[in-house]
Amino acid sequence: MVDAAGNRLLAGFGTTVFETTTRLAIEHGSVNLGQGFPDDEGPASMKSFLAEYTSTRSNQYPSMMGLPALREAVARHANRFYGLDLDWQREVLVTSGATEALAASLFGLLNPGDEVVVFEPLYDAYVPLVKLAGAVPVAVRLHPNDWSLDLAELEAAFGERTRVVLLNNPMNPTGKVFDAAELGAIAELAQRHDAVVVCDEVYEHLVFDGLRHVPMMTLPGMRERCVRIGSSGKIFSMTGWKVGFVSAAPELLSVIMRAHQFLVFTTAPNLQAAVAHGLDNEVDWYTTLADRLQAQRDYLGSALASLGFEVLKSQATYFLTVDIRPVTDADDMAFCRTMTVEGGVTGVPVSAFYASQAPRHLLRFCFCKRMDVLEDAVGRLTNWRRAA
Ligand code: PMP
Ligand code: GLN
């Protein structure tokens, strides 16, 4: 008999909630407002660019740093939106999605026993990746229902072993945009403890209500201390393309590259080229995306409020969160299942975004869906609630 116990650490994490909720939705034919992926796909010009490039250009391994055309476009993008001045040859790396960028950053930067400050609720890959690097996550909890950050609790999370702060801003699943005071406090602590801030900014263009995304890297003293991560999946609503980018000072980027070269080495050249085309030529598309999403957020948010849920503020991302307690005594996991089976709509239990002792009264809904899909979901939930 083969010993198939496998890696003990990974065995403890089971299967990601995005896979399990999507499978549940498929099994029951429900409207899937769980896993975050949009219905409306990105610019047509990128798809034709991709097809043309694939049939006429090289499909062999690009440089492990990524195609120069994309690295230059990433540097231009950072300059256009944030005034950052990146040297594309020494400070920009292309990765296979933000997930690989996170893995390469953590594996490259961390040693066993190092501590990583993370913010709960957190994206589901964070704790497994930190632990696979042999490091120790130290969670600072944002307080629901307004996701406030207690600055004394933040300070208490830092110590002698703090090596990295892993910050997701704008934040999944909360839809929170960290404000200037919060960013400033994190930056000050990172400097005091000589920590690197790994900034997962995949939702940088999906910010609502006139707010503006501020990369941590633009704060005083933080240019050399930040690793900025982006994803074409979110910028162009094509999550399956899995082209990500890392921007960091040369000293940091070179240690991240040591991990990247053994994780994937490189990323499909045709996809890289098409993303470069999009970053430069489809600026209007991705700078107006937030307006389209905001209308979807508003529609779904007010429908869920009419159904009796308490809808929490969402300032960004694809997601809004509701407090289910006005509607049910069940916990989020059980309610997610019942809502799928009986109500025909699937969300994601927010407890899945905690390492321990999670609140059990919050459910995340994804609103980056076509209006008719959202209307279908709302219709189903209305009928279900009426029958209850
Ligand atoms: N970080 C966050 C916060 C996310 O929500 C996601 C999900 N898309 C990722 C990283 C992963 O991005 P990618 O699909 O580019 O790997
Ligand atoms: N980021 C997406 C979400 O939060 C899902 C990513 C995934 O499926 N791995 O829903």
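Just so it is clear, the model here is predicted, and its values are computed rather than measured. Order of appearance sets the numbers: ligands from 1, and atoms from 1 within every ligand.
Ligand 2 lies out of reach of Phe37, whose nearest heavy atom is not under 4.0 Å from it. In this structure, Glu19 has no heavy atom closer than 4.0 Å to ligand 2. Under a 4.0 angstrom heavy-atom cut-off, Tyr318 registers as lying outside contact with ligand 2.
With rounding to the nearest 0.5 angstrom, the NE2 atom of His361 is 4.5 Å from the CG atom of Asp323. Note that the CZ atom of Phe208 and the CD atom of Gln296 stand 8.5 Å from one another [nearest 0.5 Å]. Atom CD in Glu201 sits 12.0 Å away from atom CZ in Phe245 (nearest 0.5 Å). Going from atom OH of Tyr318 over to atom CG of Asn172 covers 10.5 Å, rounded to the nearest 0.5 Å.
Closest to atom 10 (C) of ligand 1, if we only count protein heavy atoms, is Asp200 OD2, 3.5 Å. The protein heavy atom nearest to atom 6 (C) of ligand 2 is Tyr123 OH, 3.3 Å. Here the heavy atom of the protein found nearest to atom 8 (O) of ligand 2 is Gln35 NE2, 2.6 Å. Scanning the protein heavy atoms around atom 12 (O) of ligand 1, the nearest turns out to be Ala98 CB, 3.5 Å. The single protein non-hydrogen atom nearest to atom 14 (O) of ligand 1 is Lys242 NZ, 3.2 Å, given as residue, atom name and distance. Among all protein heavy atoms, the one lying closest to atom 7 (C) of ligand 2 is Phe18 CD1, 3.5 Å. For atom 11 (C) of ligand 1, the closest non-hydrogen atom of the protein is Thr99 OG1, 3.3 Å. Of all protein heavy atoms, the one closest to atom 5 (O) of ligand 1 is Tyr203 OH, 2.7 Å.
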_Please evaluate residues Met339 and Ile324 with respect to the criterion side-chain contact (heavy atoms from CB on, under 4.5 Å), reporting the C-alpha separation (whole Å), side-chain torsions for both, the decisive distance (0.1 Å), and the verdict._
CA-CA 11 Å; Met339 194 176 80; Ile324 58 177; over 6 Å; no
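In summary, of the residues considered (Val118, Val198, Val117), a side chain to side chain contact (heavy atoms under 4.5 Å, CB included) with Val164 occurs for Val198 alone. Just one residue in the list Phe178, Tyr82, Tyr203 forms a ring-ring contact (aromatic ring centres under 6.0 Å, His included) with His213, and that residue is Tyr82. When Asp376, Thr382, Val378, Asn383 are each tested for a side chain to side chain contact (heavy atoms under 4.5 Å, CB included) with Arg380, only one passes: Asp376.
Close N/O approach between Glu100 and ligand 1 is not found [any backbone or side-chain N/O within under 3.5 Å]. In terms of polar-atom proximity, Gly36 is counted as a contact of ligand 2, with an N or O under 3.5 Å from an N or O of the ligand.
Judged by a 6.0 Å distance limit and a 45° cone about the ring axis, Lys131 is not positioned over the six-membered ring of Tyr126.
Each of the atoms 15 (O), 16 (O) of ligand 1 lies under 4.0 Å from some heavy atom of Gly97. Under a 4.0 Å criterion applied to the non-hydrogen atoms of Lys234, ligand 1 contributes the atoms 6 (C), 7 (C), 8 (N), 12 (O). Of all atoms in ligand 2, listed by their number and element, those nearer than 4.0 Å to a heavy atom of Arg364 are 3 (C), 4 (O), 10 (O). Within ligand 1, counting atoms from 1 as listed, the ones closer than 4.0 Å to a heavy atom of Asn168 are 3 (C). Those atoms of ligand 1 that come under 4.0 Å of a heavy atom in Ser231, given as number and element, are 13 (P), 15 (O).
When the heavy-atom distances from atom 9 (C) of ligand 1 to Phe245, Phe37, Tyr123 are ranked, the shortest goes to Tyr123. Counting only non-hydrogen atoms, the option in Thr21, Thr99, Asn172, Val202 that gets closest to atom 4 (O) of ligand 2 is Asn172.
Leu289 places none of its side-chain heavy atoms less than 4.5 Å from the side chain of His205. A 4.5 Å side-chain heavy-atom check between Val214 and Val177 finds every atom pair outside the cut-off. With a 4.5 Å cut-off on side-chain heavy atoms, Asp209 and Gln294 count as touching.
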